[in-house]
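Data block below; observations after.
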Amino acid sequence: MEEVKVLIDEEKLHKRVDEIAAQIESEYKGKEIILICILKGSVFFTVDLAKRINGDVKIEFIRVSSYNEGTESSGEIKMKLDLKDSIKGKDVIVVEDIIDTGRTLSYLIKYLKMKKPNSLKLCALLDKPERRIKKDVKVDYTGFQIPDEFVVGYGLDVDEKYRNLPYVGYIEQ
Ligand code: IMP
Ligand code: MG
């Protein structure tokens with residue numbers, strides 16, 4: 001196993017998740033929130049976020065694939081698992097682990113808008129602004145902006161490995 005260097009430790013992650021949850025809670029007072037968790041990477045973040053929002057929260061799952069193998073993007077997005085319930089008229093927040101080129105979220109926004117939610121916002125734990133190709137994607141809630149490094153942990157993987165690390169780190173080459 002390669003060595004993983006800590007970039008964002010558990011304490012920092014939890015503190016930031018608390019802050020985002022508090023912000024969402026205050027902006028959605030009295031409304032039911034549908035969190036759409038993008039499998040598999042954002043499972044850890046979605047669960048932690050949901051637990052910290054005091055109010056009506058429902059969780060839905062979508063799975064798309066944009067990466068074929070390792071760290072190289074194929075550029076093509078495929079829907080692997082679709083929503084089970086209607087989001088028509090609902091207040092939806094898409095929860096993503098990381099926004100890199102923006103292709104995944106750009107595709108998902110277009111797709112979800114066709115389903116006519118009442119509102120649609122984006123929440124991403126990590127953002128690599130230097131890598132953005134799709135400039136039209138606006139993230140409403142961002143955890144941390146990070147440099148252009150391939151990161152793992154807290155849901156993020158390389159070939160399915162490292163998702164269970166409690167922190168976000170990068171692999172020392
Ligand atoms: P985008 O479509 O290029 O914005 O990429 C988004 C997806 O690529 C994320 O949901 C991740 O699954 C994956 N990804 C992008 N950067 C990283 C990284 O540094 N580590 C692990 N996965 C990444
Ligand atoms: Mg992902």
Side-chain angles (χ1 to χ4, degrees), residues 7-66 77 79-129 131-146 151 153-157 163-168:
L7 182 67
I8 308 165
D9 68 22
E10 231 180 315
E11 198 188 324
K12 276 198 200 124
L13 281 172
H14 287 168
K15 191 168 164 276
R16 190 69 191 115
V17 177
D18 276 345
E19 288 168 0
I20 297 171
Q23 194 186 342
I24 290 174
E25 198 182 301
S26 74
E27 289 177 18
Y28 287 77
K29 277 234 147 55
K31 289 181 182 167
E32 182 187 79
I33 303 168
I34 313 289
L35 296 180
I36 299 186
C37 171
I38 314 300
L39 293 172
K40 300 176 189 173
S42 78
V43 165
F44 293 66
F45 179 38
T46 306
V47 169
D48 282 348
L49 191 64
K51 283 190 286 186
R52 288 165 166 84
I53 300 169
N54 197 2
D56 287 341
V57 174
K58 289 184 178 172
I59 303 177
E60 294 288 336
F61 297 95
I62 270 189
R63 186 163 178 209
V64 292
S65 72
S66 56
I77 316 270
M79 180 71 71
K80 297 264 173 165
L81 176 80
D82 204 344
L83 289 174
K84 293 279 179 273
D85 292 318
S86 166
I87 56 163
K88 193 169 178 199
K90 306 279 187 186
D91 293 297
V92 173
I93 304 175
V94 177
V95 185
E96 179 59 305
D97 49 3
I98 187 163
I99 175 162
D100 185 33
T101 62
R103 283 194 189 108
T104 307
L105 284 177
S106 172
Y107 166 90
L108 277 175
I109 298 161
K110 283 192 201 102
Y111 176 76
L112 294 171
K113 274 189 177 160
M114 293 189 309
K115 298 190 174 285
K116 305 260 185 290
N118 179 54
S119 65
L120 182 64
K121 287 200 174 184
L122 303 181
C123 175
L125 179 70
L126 306 173
D127 182 3
K128 287 187 206 166
R131 296 261 305 162
R132 196 81 81 258
I133 292 170
K134 296 279 182 187
K135 310 277 182 200
D136 55 320
V137 182
K138 188 182 135 279
V139 184
D140 302 282
Y141 308 99
T142 309
F144 303 88
Q145 292 206 336
I146 60 166
V151 289
Y154 197 64
L156 293 146
D157 73 307
R163 290 197 198 276
N164 60 321
L165 295 177
Y167 53 86
V168 171

So how far is it from His14 NE2 to Asp9 CG, rounded to the nearest 0.5 Å?
-> 10.0 Å

Measure across Lys29 and Ser26 and return the closest heavy-atom pair with its distance rounded to 0.1 Å.
-> CG-O, 3.6 Å

Euclidean distance, Glu96 CD relative to Cys37 SG, rounded to 0.5 Å = 9.0 Å

Between Tyr141 and Glu27: side-chain donor-acceptor atoms closer than 3.5 Å = yes

Does a side chain donor of either Tyr154 or Asp97 reach within less than 3.5 Å of an acceptor in the other side chain?
-> no

CG of Leu156 to CG of Leu165: how many Å apart, nearest 0.5 Å?
-> 10.0 Å

Please list, chain by chain and in numerical order, all residues satisfying salt bridge (charged side-chain N to carboxylate O under 4.0 Å, His left out) with Asp82, sequence neighbours excluded.
-> none

Does anything in residues 53-65 pair up under salt bridge (charged side-chain N to carboxylate O under 4.0 Å, His left out), and if so which pairs, sequence neighbours excluded?
-> Glu32-Lys58

What's the shortest heavy-atom distance between Leu49 and Cys123, and which atoms?
-> CD2-SG, 4.1 Å

Find out whether Ile93 and Tyr28 are in side-chain contact, i.e. whether some heavy atom of one side chain is under 4.5 Å from a heavy atom of the other.
-> yes

Heavy-atom side-chain proximity of Asn118 to Val92 below 4.5 angstrom = no

Would you find a donor on one side and an acceptor on the other, under 3.5 Å apart, between the side chain of Ser42 and the backbone of Val95?
-> yes

Should we count CG of Asn54 as having more than 12 external heavy atoms under 6.0 Å?
-> no

Under the side chain to side chain donor-acceptor pair (under 3.5 Å) test, residues paired with Lys88 that sit two or more places apart | none

List for me each residue that meets salt bridge (charged side-chain N to carboxylate O under 4.0 Å, His left out) alongside Asp18, sequence neighbours excluded, and say none if there are none.
-> Arg52

Does any donor atom in the side chain of Thr142 or Asp127 lie under 3.5 Å from an acceptor atom in the other side chain?
-> no

Lys15: partners by salt bridge (charged side-chain N to carboxylate O under 4.0 Å, His left out), with sequence neighbours left out | Glu19

Over all atoms of both residues, closest heavy-atom pair of Ile62 and Met79 = CG2-SD, 4.2 Å

Would you find more than 12 non-hydrogen atoms of other residues, nucleotides or ligands less than 6.0 Å from Lys121 atom NZ?
-> yes

How close do Leu83 and Lys115 get, heavy atom to heavy atom, and via which atoms?
-> CD1-CD, 4.0 Å

First locate atom CG of Leu120, then atom CG of Asp91, and finally report the distance between them rounded to the nearest 0.5 Å.
-> 10.0 Å

Yes or no on side-chain contact (heavy atoms from CB on, under 4.5 Å) for Lys128 and Ile98, after CA distance, side-chain angles and deciding distance?
-> CA-CA 8 Å; Lys128 287 187 206 166; Ile98 187 163; 3.6 Å; yes

Taken to the nearest 0.5 Å, the spacing of Ile99 CD1 from Thr104 OG1 works out to 8.5 Å

Would you call Asp140 and Lys138 a salt bridge, taking side-chain N to carboxylate O under 4.0 Å as the test?
-> yes

With no hydrogens and no angle check, is any side-chain donor or acceptor of Asp157 less than 3.5 Å from a backbone partner on Arg163?
-> no

Would you give the length of the straight line joining atom CG of Leu7 to atom CG of Leu126, rounded to the nearest 0.5 angstrom?
-> 8.0 Å

Donor-acceptor contact below 3.5 Å, side chain Lys135 vs main chain Arg132 | yes

Contact check, side chains of Ile77 and Arg103, non-hydrogen atoms, under 4.5 Å | yes

Could you tell me which non-hydrogen atom of Leu13 sits nearest to which non-hydrogen atom of Pro166, and how far apart they are?
-> CD1-O, 3.5 Å

Taking every non-hydrogen atom, the tightest pair across Phe61 and Leu39 = CD2-CD2, 3.5 Å

For Lys84, enumerate each residue passing the salt bridge (charged side-chain N to carboxylate O under 4.0 Å, His left out) test, keeping only those at least two apart in sequence or located in another chain.
-> none

